[in-house]
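One-based numbering, in listed order, for ligands and for the atoms of each. What you are looking at is a predicted structure, and each value in this text was computed from that prediction instead of being measured.
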Amino acid sequence: MLNTPATTRAAVIHQYAAGVSHISLEERPVTPPGRGEVLIRIAAAPINPSDLAFLAGNYGVRKPLPCVPGFEGGGVVIAVGEGVDPALIGRTAACFAADSDGTWMEVMRTRAAFCFPANAGIDPETAATLLVNPLTALALLDRAVDSQGATPAIAQTAAASALGQMIARLALERGIAAVHIVRRESQVETLRALGAEHVLNSEAETFDHDFRDLSRKLGVRVCFDAVAGDLGARLLRLMPAGSRLIIYGGLGGESVSAAVGDLIFRNKAVEGFWLSSWLRDTAAAARAWSAVQAAAGTTFVTEVRARTALARIGEALADYAQQMSGGKVLIVP
Ligand SMILES: NC(=O)c1ccc[n+]([C@@H]2O[C@H](COP(=O)([O-])OP(=O)(O)OC[C@H]3O[C@@H](n4cnc5c(N)ncnc54)[C@H](OP(=O)(O)O)[C@@H]3O)[C@@H](O)[C@H]2O)c1
């Protein structure tokens, strides 16, 4: 066991509400790891869109209150419970929070199964953003494979997001034709700088016409959609017959309407993807973790635009909520 403190500072919420005024900094006792658990000294934890939804009470899980938010982080294992390999102690790891407290704290207890030891050369801060988005990018591309085992051309929304950029790099590396949809001209440049060929701005007057043409020309059959709402509905309408809209985020709306004729006569489909469900396939997760580590500094790199101390968590959240593009905001306890 490495230096285990008696208490830890943590960002805590006592209620679910929109905004950031309900988050406070508190000192909490550190509970020793139980059977199958580890203690991790968190070095960095990102703020992701899922965290904002969780704080507002709009996410797929609600934890008993009060609780510490934060779904992923990176750090060093400082203690392990019964049944866990003691060789983990001292290892840098990426981690998910378990059902209890999350990563926005100095020392977090989680399930050993949610602790992914990193190869030498991956530092704790890099590890902090190597789970949620990289695993989702790989899993989404797996979901795009058709019944013949081929990956058709794809489209994606919110393409300038950290995750969207990973999908763009994977598509380029694998030779998959892709249409990247963003909502600002500066984001068109972000995608072009990665080498992406087909980038469309959904705010452009000609977008519907351009997307319809391009998706037919390239043979787009799958769209990964993090926006949903009106944009998701438009894309479903514009995509060719037989297309699938795979919704994995609700940045622009909580529902998507589909024309009955598209679903019945044109064989289009709307599906959902949630990493938490996908992670139940532990073998797939282990394979993906190896792939992520091998390309941690390239395909799965995440730009960081700010590092903020835990004590300034409110400012960090407000900053991120106001500007999501251009890099992640990391909490550094
Ligand atoms: N289902 C899952 O298991 C799963 C797993 C991982 C991630 N996700 C989802 O993946 C998405 C991207 O996550 P991330 O961490 O990569 O995000 P990020 O890097 O923090 O960036 C968010 C991006 O979304 C854009 N955006 C925000 N609101 C939008 C709207 N209404 N319409 C269009 N674009 C909008 C932002 O652009 P602006 O600067 O223009 O606002 C920004 O480029 C999120 O929806 C997240 O919840 C889902």
Side-chain angles (χ1 to χ4, degrees), residues 45-56 58-61 69-73 94 96 128-143 155-170 180-191 194 196 199-204 207 223-235 245-256 270-281 284-285 288 292 299-306 316-317 319-331:
I47 303 174
N48 289 324
S50 51
D51 295 310
L52 299 187
F54 176 78
L55 291 175
N58 296 332
Y59 196 59
V61 287
F71 287 117
E72 72 172 330
F96 287 118
T129 51
L130 284 186
L131 288 178
V132 171
N133 285 335
L135 295 182
T136 301
L138 288 170
L140 284 173
L141 279 164
D142 275 357
R143 284 278 292 271
Q156 65 155 338
T157 62
S161 70
L163 174 49
Q165 293 185 48
M166 292 175 194
I167 291 173
R169 291 188 205 107
L170 282 169
H180 306 284
I181 300 163
V182 295
R183 65 171 175 177
R184 304 179 202 277
E185 280 309 300
S186 59
Q187 295 166 339
V188 173
E189 294 314 312
T190 302
L191 269 295
L194 297 181
V199 190
L200 298 179
N201 184 343
S202 58
E203 301 305 299
F207 175 79
C223 178
F224 305 132
D225 183 21
V227 176
D230 291 344
L231 182 63
R234 258 163 90 196
L235 297 176
L245 185 72
I246 303 180
I247 297 178
Y248 70 97
L251 291 165
E254 294 194 349
S255 62
V256 170
V270 181
E271 304 168 22
F273 173 85
W274 192 25
L275 183 66
S276 297
S277 307
W278 180 85
L279 282 169
R280 288 186 202 123
D281 182 347
V292 168
T299 314
F300 299 110
V301 79
T302 294
E303 190 186 339
V304 173
R305 79 173 159 82
L317 282 164
D319 176 19
Y320 173 69
Q322 210 191 10
Q323 189 199 327
M324 289 177 153
S325 290
K328 284 284 176 195
V329 175
L330 294 185
I331 307 296

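Looking at atom 39 (O) of ligand 1, its nearest protein heavy atom turns out to be Ser325 OG, 2.6 Å. At the top of the distance list for atom 44 (C) of ligand 1, counting protein heavy atoms only, stands Pro49 CG, 3.6 Å.
The heavy atom nearest to atom 19 (O) of ligand 1, considering only Gly326, Ser277, Ala162, is found in Ala162. Counting only non-hydrogen atoms, the option in Asn48, Leu52, Leu135, Val227 that gets closest to atom 33 (C) of ligand 1 is Val227. The option from Val329, Leu251, Thr136 that lies nearest to atom 45 (O) of ligand 1, judged by heavy atoms, is Leu251. Residue nearest to atom 12 (C) of ligand 1, selected from Ala158, Ala160, Ala53, Ser161: Ser161 (by heavy-atom distance). With atom 8 (N) of ligand 1 as the reference point, the heavy atom nearest to it among Trp274, Tyr248, Trp278 is part of Tyr248.
Within the 4.5 Å cutoff, side-chain heavy atoms of Leu317 are placed close to those of Leu55. Between Lys328 and Ile47, the closest side-chain pair of non-hydrogen atoms is not below 4.5 Å. In this structure the side chain of Phe96 reaches within 4.5 angstrom of the side chain of Leu279, judged on heavy atoms.
When each of Leu141, Leu163, Thr157, Leu245 is paired with Phe224, the side chain to side chain contact (heavy atoms under 4.5 Å, CB included) condition holds for Leu141 and for no other. Exactly one residue among Ile181, Ile247, Ile246 makes a side chain to side chain contact (heavy atoms under 4.5 Å, CB included) with Asp225. That residue is Ile247.
Between the side chain of Glu72 and the backbone N or O of Val132, at least one donor-acceptor pair lies under 3.5 Å. Side-chain atoms of Gln165 come within 3.5 Å of backbone N or O of Ala160 as a donor-acceptor pair. Side-chain atoms of Asn201 come within 3.5 Å of backbone atoms of Glu203 as a donor-acceptor pair (strictly under, hydrogens ignored). Between the Arg184 side chain and the Ser325 main chain, no donor and acceptor come within less than 3.5 Å of each other.
Set against the non-hydrogen atoms of Gly249, the atoms of ligand 1 under 4.0 Å away are 45 (O). Contact atoms of ligand 1 toward Leu275: 2 (C), 3 (O) (distance under 4.0 Å to a heavy atom of the residue). Of all atoms in ligand 1, numbered sequentially from 1 with element shown, those under 4.0 Å from a heavy atom of Gly252 are 31 (N). Remark: ligand 1 atoms within the under-4.0 Å shell around heavy atoms of Tyr320 are 18 (P), 20 (O). Below 4.0 Å from some heavy atom of Ala226 lie the following atoms of ligand 1, by number and element: 11 (C), 45 (O). Less than 4.0 angstrom separates some heavy atom of Phe273 from each of these atoms of ligand 1: 1 (N), 2 (C), 3 (O). Residue contact check: Leu163 has heavy atoms under 4.0 Å from atoms 6 (C), 7 (C), 10 (O), 16 (O) of ligand 1.
Where the criterion is an N or O separation shorter than 3.5 Å, residue side chain and backbone included, Gly250 fails it with respect to ligand 1. Residue-to-ligand polar distances keep Ser276 apart from ligand 1: every N/O pair is separated by 3.5 Å or more.
Ring-plane geometry between Phe71 and Phe54 is classed as perpendicular, the angle between the planes exceeding 60 degrees on a 0 to 90 degree scale with a lower cut at 30. Classification of the Phe273-Trp278 ring pair by plane angle, with boundaries at 30° and 60°, yields tilted.
Under a 4.0 angstrom heavy-atom cut-off, Met166 registers as lying outside contact with ligand 1.
When heavy-atom distances to ligand 1 are checked against a 4.0 Å cut-off, Lys328 comes that close only through its side chain, counted from C-beta outward. Of the heavy atoms in Arg183, only side-chain atoms (C-beta onward) come closer than 4.0 Å to ligand 1. At a heavy-atom distance under 4.0 Å, only side-chain atoms of Asn133, from C-beta outward, approach ligand 1.
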